[in-house]
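Per chain, numbering begins at 1; letters A, B, ... match sequence-line order.
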Amino acid sequence: MPGRFVKDVWVTVLVTAVLIWIMPLLIGTYTLTVLVIYGMLGLSLGLIWGFGGILCFGQTAFFGLGAYTYAIAAINIGESTLPMILAILVPAVFAALLGAMMFYGRLTDVYLGVITLVVTLILFKFMNSTAGPQYVIGKARMGGFNGIPGFPTLNVPGDPDTYIWGDPYFYVCAVLLALVFLLVSALLRSSFGRVAVGIRENETRASLMGYDVRARKTVLFAIGAAIAGLAGALFANWAEIVTPSLFSLGQSAEIIIWCIVGGLGTRLGPIVGAAGLAYLKFLLGQQAVVDNTLITGLILVLFVLFLPKGIVPALVGLWKASFGRRPLGRIHQARRMRGGERANG
Amino acid sequence: MVEVVLETVALTMRFGGVVAADNVNFKLRARELRCLIGPNGAGKSTFFKCVAGLQTPTEGQVFMRGTETTGWMPHQIASMGVGIKTQTPNVMDELSVFENIWLAARRFHPVAEANRKAQEMVERLALGPIARSTLGRLAHGERQRVELGLVAVGDPWLVLLDEPAAGMSAEDVERMTGIIHELNRTAAIVIVEHDMQFIRSIAKTVTVFHQGAVLMEDHVDRVMSDATVRNVYLGKKA
């Protein structure tokens with residue numbers, strides 16, 4: 001097990017390095033940065049939905065909370081290190097409370113979706129209604145529909161005057177995505193992650209084994225929210241403004257579509273789905289012939305019909321079918337031999 | 001006298017106007033094997049669920065090794081060292097046989113120990129060749145065997161089995177009887193069962209449920225030849 005994780009780390013480092021080198025030659029780093037951020041947001045839902053079986057319709061709530069937390073804290077504190085940490089902690093704590101309420105209340109499936117959706121809507125409505133001067137947190141005005149502009153962006157930790165922006169900011173985001181990806185990988189290999197997958201498969205069995213399903217789902221939900229919060233803070237730094245549209249229904253739905261198209265139950269799928277679809281949306285946004293939500297909808301329908309498992313599982317399947325025959329054959333042979341030994345003994 | 005590991009006092013479960021379990025007083029001693037029989041709707045499964053924590057009884061108490069466990073959650077009861085197998089197979093279909101058993105072992109042991117325990121159990125149940133297969137693809141009998149394996153791997157001192165022989169071939173039943181006897185060396189076992197053949201082969205003491213209450217409790221031979229039991233359960237002709 002540990003040996004395989006070391007291999008995972010090397011592959012991730014290598015692939016990240018190659019992508020960081022090649023991608024800027026193809027797409028501008030400004031666009032790439034937001035694709036990387038959406039990838040991280042996709043991964044956050046991919047973790048709790050694909051591996052934990054928690055279908056959250058409001059992942060964007062944590063994304064938005066992260067962004068708002070960063071903006072408000074950055075204005076008040078005047079530098080970026082502590083606000084970044086707060087942008088991870090606040091959504092995580094919020095999700096832990098919300099999750100505890102839902103999971104200890106034994107809400108499942110549809111109800112869970114409804115509650116998370118409603119929470120997102122409440123945040124959306126609330127943030128829109130904060131235009132008045134009474135909505136102030138410290139030095140930061142909430143700004144209602146217009147959002148909060150003009151907060152200090154990311155700086156080198158300990159040096160508030162040196163801002164990180166442009167190409168370096170892309171590298172920071174890409175490296176952070178790789179780190180989060182490795183953390184998720186490590187989590188899924190740990191006992192906690194394996195039990196989480198067990199809970200996804202059969203909650204009753206997991207509890208009959210003696211696992212506290214409610215507590216474990218709450219923790220996983222909070223971890224997902226922490227990742228979404230980090231993505232939100234990175235987004236705030238990229239856009240240099242936070243607005244209530246971060247909490248919009250459209251954004252919520254999009255994250256779910258990313259996961260379905262990319263491949264649920266894989267680590268890479270939601271990242272690929274998010275970056276791919278977001279880039280497509282960006283390209284479609286440059287023309288006015290077809291409406292781009294129409295295309296997104298069409299893509300979702302086509303995927304559900306023809307590639308229900310998503311891109312990544314389909315590619316992995318294709319790879320195994322065309323190149324993986326030999327190692328697979330060896331495994332089968334070994335299995336047959338072992339079976340034979342048992343029969344003989 | 002051997003220690004009482006499971007006791008219910010005046011256990012009653014009502015669903016609206018229906019009394020599914022009515023004032024059940026039940027005692028089980030360490031390493032005892034007890035079968036619960038009765039016609040459909042007699043309250044066996046309700047009683048079972050109340051003991052396992054899957055349902056909370058309306059009235060009455062449940063004690064396990066002297067601790068009151070009334071109203072506990074299933075995971076709390078399982079954490080005490082109670083192995084539970086429900087009526088319908090409750091397994092993790094998308095995971096491998098080994099992973100299923102490993103997850104059960106991991107609850108009570110650190111990783112390395114869990115690896116060893118799970119491997120041992122796989123070999124004990126002769127699941128070696130299919131250990132890496134996805135559970136959902138296996139035959140019903142094999143899945144039942146895996147479920148029994150993941151119950152056994154936690155070294156329980158009390159095992160609750162709801163219809164373990166349902167839908168299994170004669171060969172599978174025989175193999176399972178062996179596993180149950182092996183478990184019985186260290187654990188008290190409660191089996192809810194319909195299959196009379198199976199009960200005759202395995203039971204010593206049998207508790208008969210009828211209309212939610214305990215009708216009689218005696219040695220299997222006496223229960224089988226009892227006129228009242230034959231009337232309510234086996235039908236007069238049998």
Side-chain angles (χ1 to χ4, degrees), chain A residues 1-5 49-53 103-106 186 188-219 264-266 309 313 327-328 330-345, chain B residues 49 52-54 72-96 98-112 114-115 122-123 126-136 143 146-147 150-151 153-154 156 159-160 162:
Chain A
M1 256 332 163
R4 274 167 63 194
F5 183 62
W49 184 20
F51 295 97
F103 300 128
Y104 282 78
R106 294 195 193 185
L188 290 173
R189 281 185 190 282
S190 72
S191 300
F192 179 84
R194 288 165 81 173
V195 174
V197 173
I199 291 173
R200 177 195 73 189
E201 282 305 308
N202 192 331
E203 274 189 36
T204 312
R205 177 36 79 196
S207 64
L208 290 176
M209 281 174 179
Y211 293 109
D212 190 344
V213 172
R214 306 164 303 175
R216 284 169 181 272
K217 282 176 102 171
T218 304
V219 171
L264 210 55
T266 63
K309 280 187 169 168
L328 210 69
R330 226 183 291 142
I331 291 168
H332 279 306
Q333 210 173 0
R335 192 172 291 165
R336 237 175 283 137
M337 277 172 67
R338 251 185 289 143
E341 274 168 28
R342 193 154 288 121
N344 294 334
Chain B
K49 282 176 185 156
L54 291 161
W72 280 25
M73 303 278 297
H75 73 87
Q76 291 171 303
I77 288 172
S79 298
M80 290 179 78
V82 179
I84 301 159
K85 185 196 166 309
T86 53
Q87 197 169 350
T88 47
N90 247 319
V91 285
M92 293 149 180
D93 275 336
E94 287 292 310
L95 305 182
S96 71
F98 181 85
E99 188 74 1
N100 267 273
I101 296 176
W102 183 86
L103 284 170
R106 178 69 184 89
R107 177 63 189 84
F108 299 102
H109 303 288
V111 175
N115 288 342
V122 162
E123 274 154 31
L127 292 166
I130 52 168
R132 301 288 159 187
S133 307
T134 310
L135 198 53
R143 295 171 73 219
V146 172
E147 193 170 10
L150 59 84
V151 166
V153 80
V159 177
L160 309 171
D162 199 352

Problem - Non-hydrogen atoms of A:G210 and B:S79 that approach each other most closely - result: O-OG, 3.2 Å
Checking heavy atoms, do the side chain of [X], its backbone, both or neither come under 4.5 Å from chain A?
{"X": "B:L150", "result": "side chain"}
{"X": "B:M80", "result": "neither"}
{"X": "B:V91", "result": "backbone"}
{"X": "B:Q76", "result": "neither"}

Straight-line distance of [X] [atom1] to [Y] [atom2], nearest 0.5 Å:
{"X": "A:S207", "Y": "B:L54", "atom1": "OG", "atom2": "CG", "value": "7.0 Å"}
{"X": "A:L208", "Y": "B:I77", "atom1": "CG", "atom2": "CD1", "value": "9.5 Å"}
{"X": "A:T204", "Y": "B:I84", "atom1": "OG1", "atom2": "CD1", "value": "11.0 Å"}
{"X": "B:R107", "Y": "A:M209", "atom1": "CZ", "atom2": "CE", "value": "11.5 Å"}
{"X": "A:D212", "Y": "B:H75", "atom1": "CG", "atom2": "NE2", "value": "3.5 Å"}

Handout entry: Step-by-step side-chain contact (heavy atoms from CB on, under 4.5 Å) determination, A:R205 to B:E147
Key = CA-CA 9 Å; A:R205 177 36 79 196; B:E147 193 170 10; 2.6 Å; yes
Handout entry: B:E99 side chain reached by A:R194 side chain, heavy atoms, under 4.5 Å
Key = yes
Practice task
For A:Y211 and B:L103, indicate whether the former's side chain and the latter's backbone hold a donor-acceptor pair under 3.5 Å.
Solution key: yes
